[in-house]
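Structure first, commentary second.
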Amino acid sequence: MADLTVSLGRLQLKNPVMPASGCFGYGEEYASFYDLSVLGAIVVKGTTVNPWPGNAPQRIVETPAGMLNAIGLQNPGVPAAKIKIRRLARYNSPVIVNVSGHSVEEYKEVISVLEEESTVAAYEINVSCPNVKAGGMAFGTKPEIVFKLVTALRPLTEKTLIVKLSPNVTDITEIATAAESAGADALSLINTLVGMAIDIEKRRPVLANITGGLSGPAVKPVALRMVWQVTDVVNIPVIGMGGISSAEDAIEFMLAGATAVAIGAANFVNPTVCPEVVAGIEAYLHKYNFSSVREIVGLAKRADNT
Amino acid sequence: MAKKMLMEILKHEKVSSNVFRLTLGGKLTAQPGQFVQVAVSKTYDPFLKRPFSVHDCSADTLTLLYRVLGRGTGLLAGKRTGEQLEVVGPLGTAFPVETADRIILVAGGIGSAPLFYLLKSLRAAGKKVTFLYGARSKEELILREQYQMLADEYGEATEDGSCGHHGLVTELVADALDKGRTVLYACGPEAMLRAVAELAKANNCSCYVSLEAHMACGVGACLGCVVANAQGEYVRVCVDGPVFPAREVF
Ligand SMILES: Cc1cc2nc3c(=O)[nH]c(=O)nc-3n(C[C@H](O)[C@H](O)[C@H](O)COP(=O)(O)OP(=O)(O)OC[C@H]3O[C@@H](n4cnc5c(N)ncnc54)[C@H](O)[C@@H]3O)c2cc1C
Ligand SMILES: Cc1cc2nc3c(=O)[nH]c(=O)nc-3n(C[C@H](O)[C@H](O)[C@H](O)COP(=O)(O)O)c2cc1C
Ligand code: FES
């Protein structure tokens, strides 16, 4: 059996597959379908200091091979989230908490509330939510601001600090480099692409928020390209995501340079997609005689790859 | 507990110009009011599963009643007996059984779908049930005979007067209510649900409504399907509903 373990900073994962934030609630929602311990990590919903109500409905709309969402980071706030997160201790998978806020102070406070929680193995700093007015993506589109935020958060924790990048920028590699130089242990990409849909009968935008974030198979080529570009310029591991729906998709991301992968909207369509991807990666490694999944990371870039 | 399974199409019948009854084989037991998510395609387009209420259910069959609306239900209508469909369920809340002197079920058009299973279960439990059915026209009183046969009391209303009372079904509800001693279960267009909820409130009766919302996951994970409750907080139709006490959401 091939070795599936990978590391993100000091965090060791038993395999490189995890759900993407916001697509897996606080974990329990999928526990009736399989044992969550098969996951490389459990990534929970974007969490803020205070409860956020989220955006008015309609919040989602199906699009060709994907969907738009404008949830607006609805979450119960970190004190209530903490209790939900503790319940995940029963699974044998590290928990990664996606963190958001309106200000640097708010990001700091979420981390300080969770720092003592042994269940929390890592933070994924969301500087890329396109669906909130203040905070979210506003933090993630300028390298200086990302640098400042990550610099402020780095001293607060020894846990793995992951920065989640927005694709809605001119040059994602600049932001990636800024996060790395401020001390991020790993990067996640991509968050959703800003888009919209119009109802031609009602003659107005379908989403109450007007715009939403596009995800699902439709965004995969864009995400893959960005993972390729970012892994060219940084030395920290990248969690690749955007449209992954099968083991084949996940393997593409790893060949492009991703050390691990996250699966978002595909969970909605196939609630057992995550364990299926773990099994599919393992079968691929076996078929081509790789002894470790780490051997395929970035392999598509290597000139000597035959 | 919800699971994902492949179910075989045992029967697929056209019951009106645009409504189909789909009987699937497999062990998926649901309570009246619950729903399932059905894959209408094996490709990524359309991407999401489609939510449908359980119209009827036995130990090894599950029946859905659906109206062809857009692309997804259009594709579903083309599926043949013997084909397999991926189904996730059972999902959501059920209609709670309450003891009351009078039980009234109020259906609006295709909203009748989950109320057949509820009617059957209540009758099997020996309860007396009044079934009130409304639609725009007689043709949209889909499968009206099956409700008429099973209910102790049956009333119908059409907006064009082509069958039963000429007007809205809520006008029949007002007549059938016993102040303080009735429980109402309703599924149909939102305007109808609101009107039924108002009547229930005015007459001090309990009332349950089944809501619809655009859904992605169906299991409470994406927060895509929310509606504002009476306190203005967003609740998920897929797990906190689809069946809600009317006073919680209106
Ligand atoms: C809990 C629940 C139970 C339902 N039960 C039934 C039933 O028993 N019989 C029945 O005929 N219909 C039922 N519906 C509505 C049914 O889900 C939609 O008619 C169907 O999804 C339309 O798909 P489409 O691709 O044909 O339409 P399109 O308009 O092309 O669909 C585009 C997208 O919008 C969504 N959508 C469109 N209309 C609705 C709607 N009214 N509610 C939710 N999502 C919608 C689709 O799921 C899809 O994601 C139910 C909906 C919910 C939420
Ligand atoms: C409904 C929904 C909610 C999301 N919520 C969050 C969130 O809270 N925080 C975050 O960083 N990303 C969030 N995302 C983005 C995903 O984590 C992921 O980056 C994106 O959807 C691309 O992956 P996919 O194509 O596999 O869905 C959300 C995506 C969806 C579809
Ligand atoms: S459909 Fe995802 S939370 Fe209800």
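Chain A is the first sequence line, chain B the second, and so forth, proteins listed ahead of strands; every chain is numbered from 1.
If you tally non-hydrogen atom pairs under 4.5 Å between each of A:S245, A:P51, A:G54 and chain B, the highest count goes to A:S245. Counting heavy-atom pairs closer than 4.5 Å to chain B, the top-ranked of the candidates A:P19, A:A56, A:G27 is A:A56. Between chain A and the options B:E233, B:Q37, B:M1, B:K4, heavy-atom pairs under 4.5 Å are most frequent for B:K4. When the candidates B:G72, B:G220, B:G218, B:C222 are compared by the number of heavy-atom contacts under 4.5 Å with chain A, B:C222 comes out ahead. Ranking A:A65, A:P53, A:G25 against chain B, the residue ahead of the rest is A:A65, based on heavy-atom pairs under 4.5 Å.
When all heavy atoms of B:A2 and A:S32 are compared, the pair lying nearest together is O-OG, 3.0 Å. Nearest heavy-atom pair across B:A221 and A:C23 is CB-O, 4.1 Å. When all heavy atoms of B:D45 and A:T63 are compared, the pair lying nearest together is OD1-O, 4.5 Å.
No part of A:A218 comes within reach of chain B, as not one of its non-hydrogen atoms sits under 4.5 angstrom from that chain. Contacts of B:A39 with chain A are absent, with no heavy-atom separation under 4.5 Å from either backbone or side chain. Residue contact with chain A, scored on non-hydrogen atoms closer than 4.5 Å, involves the side chain of B:V88 exclusively. Only the side chain of A:Q58 comes within contact range of chain B, with at least one heavy atom under 4.5 Å from a heavy atom of that chain.
In this structure, CZ on B:F47 lies 7.5 Å from CE on A:M67, to the nearest 0.5 angstrom. Distance CD1/A:I60 to CG/B:L48: 6.5 Å, rounded to 0.5 Å.
Applying the ring-ring contact (aromatic ring centres under 6.0 Å, His included) rule to B:Y44 yields no partners; only residues at least two apart in sequence or on another chain are considered.
Proximity to chain B at a heavy-atom threshold of 4.5 Å picks out A:T272, A:E276 from residues 272-280 of chain A, in numerical order.
Environment of CD in B:E13: crowded, with over 12 heavy atoms of neighbouring residues, nucleotides or ligands closer than 6.0 Å.
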Legend entry - A:F33 vs B:V219, side chain to side chain contact (heavy atoms under 4.5 Å, CB included): CA-CA, chis, key distance, verdict: CA-CA 11 Å; A:F33 296 99; B:V219 299; 3.9 Å; yes
Legend entry - Derivation and outcome, side chain to side chain contact (heavy atoms under 4.5 Å, CB included), residues B:C217 and A:Y30: CA-CA 10 Å; B:C217 71; A:Y30 285 93; 3.6 Å; yes
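Taking a cutoff of 4.0 Å between a charged side-chain nitrogen and a carboxylate oxygen, B:R50 and A:E62 qualify as a salt bridge.
A:R59 places no side-chain N or O within 3.5 Å of a backbone atom of B:V226 that could act as its donor or acceptor partner.
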